[in-house]
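Note that the coordinates shown come from a computational prediction; the quantities given were computed from them, not determined experimentally.
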Amino acid sequence: MIKYKVNENTKIKYCDRIFEIRDKITGNIFMYKPQLEIDNSFNPDDFEIYFLYNSNYRISENSIYKVYADDTRIGWIFPIQSLESGEHDYAGNQFYLKYAYIALYKLLQMISFTDEEYSDFSILDYFPDNIQLLLYDTNNTKSIEDFDISKYTVSLFYNGYSYNGQGNVFTESEELDKNIKIKQLPVPIRNISYINVLFKELIPLHETSYSKFHLLYQIIEILIGVVFNYKIQELIYEIAGSANDLFDKREKLSDITTEKNRVVWLFNDFSRIEAQKLDILNELCIDLLEKNGKKINPDKTANNLYNVRCLIVHNLYSLDEYSRNLLEGLNNSFFDVIFDILFTFKDN
């Protein structure tokens, strides 16, 4: 993962369409002339830059998008390649050219120049050409309460972008128009930072199908923990209201402490999952379970997913190559369902 870090030994000026970079230690001066006719009317100090990855086959130097966070326009996402080309659709766009200046300024801030004399170089000599740049104006984000870009990690991943790895290569992200709209997770789960950590640091990495399933199922475990808390509070409220029928309350408590039940509630009562996505996941779960002689429930995706979890945890050693391939496809379908659960999660 590349992180933005200013080289404190450089001083940068932009004049007459040329960047002048001075090394404070050696006094050497390096010149860089961008290919684009950039616009330096914005102050770089007002902007933040993040490095993302997206290996989707539709990504090209023309994949330049305005970014909206919770319906507020905050900035742009574009490939680093677009800074070294005048052939894309935005090469003459006045707003893109303002952000291109910010991007180049900040990228030059990161480079450590040597004593060699540079008269002609490319930004791509110093940074991988598959980087996607997210730049946002901190003045625009002031209208968003407690704005923190990390709160949008899951939504960025849903749109194809990640902070490491290859981006979201596991699901079919939506075809983007000219805008990317990102949003925070619903309020009941917004402050569970580990969900964003999973999508920022672990899920984008290329892992075995077993590891990927475990990471995704961690999200289920986190959310059924929220379901458990809600159900317990509901039961306590019922007991406080009436001490009668304590035997029935004991049965309810037993239901709440059963993990499989909480998975069913998560799917049915605490989120809205597209029926087609549920059907696809259910079919894949049934295929895997039948192949390995395990119990199935034709009508309940949640139960079958839980049974797959038990298969992976307790009988991983028994899975043959065919089952491993099935699990890979199952994971991709699992991603689709996870996104629906995360973005529609609600208190019952």
Evaluate Leu253 against Ile232 for side chain to side chain contact (heavy atoms under 4.5 Å, CB included), listing each step before the verdict. CA-CA 8 Å; Leu253 180 60; Ile232 284 292; 3.8 Å; yes
Check whether any side-chain heavy atom of [X] sits under 4.5 Å from a side-chain heavy atom of [Y], and report yes or no.
| X | Y | result |
| --- | --- | --- |
| Ser122 | Asp125 | yes |
| Leu135 | Phe78 | yes |
| Tyr136 | Tyr50 | yes |
| Phe345 | Leu266 | yes |
| Phe199 | Ile219 | yes |
| Ile220 | Ile341 | yes |
| Tyr65 | Asn159 | no |
| Leu330 | Leu281 | yes |

Are [X] and [Y] connected in the hydrophobic side-chain network, where two residues link if heavy atoms are under 4.5 Å apart?
| X | Y | value |
| --- | --- | --- |
| Leu326 | Ile286 | yes |
| Val187 | Ile222 | no |
| Tyr68 | Ile64 | no |
| Leu205 | Leu216 | no |
| Tyr217 | Val313 | no |

If you take all heavy atoms of [X] and [Y], which pair is closest and at what distance?
| X | Y | value |
| --- | --- | --- |
| Ile144 | Ala69 | CD1-O, 3.5 Å |
| Ser143 | Thr72 | OG-CG2, 3.7 Å |
| Ile280 | Ser333 | CG2-OG, 3.6 Å |
| Gly86 | Leu36 | CA-CD2, 4.0 Å |
| Tyr96 | Trp76 | N-CZ2, 3.8 Å |
| Asn297 | Asn304 | O-ND2, 2.5 Å |

Does the side chain of [X] pick up a donor-acceptor pair with the side chain of [Y] at under 3.5 Å?
| X | Y | answer |
| --- | --- | --- |
| Asp148 | Ser150 | yes |
| Tyr152 | Asp70 | yes |
| Ser193 | Asn196 | no |
| Gln109 | Tyr4 | yes |
| Asn28 | Asp23 | no |

Using only atom types and a distance under 3.5 Å, with no angle test, would you say the side chain of [X] pairs donor to acceptor with the backbone of [Y]?
| X | Y | answer |
| --- | --- | --- |
| Lys151 | Arg190 | no |
| Asp129 | Leu124 | no |
| Arg262 | Gly225 | no |
| Lys346 | Asp269 | yes |
| Asp46 | Thr138 | no |
| Asn315 | Ser318 | no |
| Arg22 | Ile29 | no |
| Gln35 | Glu84 | yes |
| Ser155 | Lys183 | yes |
| Ser85 | Ser82 | no |

Across all chains, not counting sequence neighbours, the salt bridge (charged side-chain N to carboxylate O under 4.0 Å, His left out) partners of Lys295 are none
Rounded to the nearest 0.5 Å, what separation is found between the [atom1] atom of [X] and the [atom2] atom of [Y]?
| X | Y | atom1 | atom2 | answer |
| --- | --- | --- | --- | --- |
| Asn168 | Asn54 | CG | CG | 8.0 Å |
| Leu202 | Ser162 | CG | OG | 12.0 Å |
| Leu107 | Ile102 | CG | CD1 | 11.0 Å |
| Glu61 | His88 | CD | NE2 | 6.0 Å |

Take a 6.0 Å sphere around [atom1] of [X] and say whether it holds more than 12 heavy atoms from other residues, nucleotides or ligands.
| X | atom1 | result |
| --- | --- | --- |
| Glu259 | CD | yes |
| Lys212 | NZ | yes |
| Arg272 | CZ | no |

One thing to verify: whether Asp255 and Lys231 come together as a salt bridge, which I'm taking to mean a side-chain N less than 4.0 angstrom from a carboxylate O. no
For [X] and [Y], I'd like to know if the aromatic rings sit close, meaning centre-to-centre distance below 6.0 Å.
| X | Y | value |
| --- | --- | --- |
| Phe334 | Phe213 | yes |
| Phe270 | Tyr230 | yes |
| Tyr99 | Phe47 | yes |

Using the ring of each side chain (for Trp, its six-membered ring), is Phe157 parallel, tilted or perpendicular to Phe339, with breaks at 30° and 60°? tilted
Please evaluate residues Asn62 and Ser60 with respect to the criterion side chain to side chain donor-acceptor pair (under 3.5 Å), reporting the C-alpha separation (whole Å), side-chain torsions for both, the decisive distance (0.1 Å), and the verdict. CA-CA 5 Å; Asn62 210 37; Ser60 68; 5.5 Å; no
Please lay out, stage by stage, how Thr301 and Val337 fare under the test side chain to side chain contact (heavy atoms under 4.5 Å, CB included). CA-CA 11 Å; Thr301 306; Val337 169; over 6 Å; no
Do Lys98's NZ or CZ and the ring of Phe42 fall within the cation-pi criteria of under 6.0 Å and 45°? yes
Which residues share a side chain to side chain contact (heavy atoms under 4.5 Å, CB included) with Gln94, sequence neighbours left out: none
Using the side chain to side chain contact (heavy atoms under 4.5 Å, CB included) rule, take Asn307 and Ile296 through it: C-alpha gap first, then chi angles, then the decisive distance, then the call. CA-CA 8 Å; Asn307 291 340; Ile296 65 169; 5.9 Å; no
Anything under 3.5 Å between a donor and an acceptor, one on a side chain of residues 8-19, the other on a protein residue two or more places apart or in another chain? List them.
residue, atom, partner, partner atom, Å
Thr10, OG1, Asn7, O, 3.0

Is there a side chain to side chain contact (heavy atoms under 4.5 Å, CB included) between Lys294 and Val308 once you walk through the steps? CA-CA 9 Å; Lys294 299 299 179 182; Val308 168; over 6 Å; no
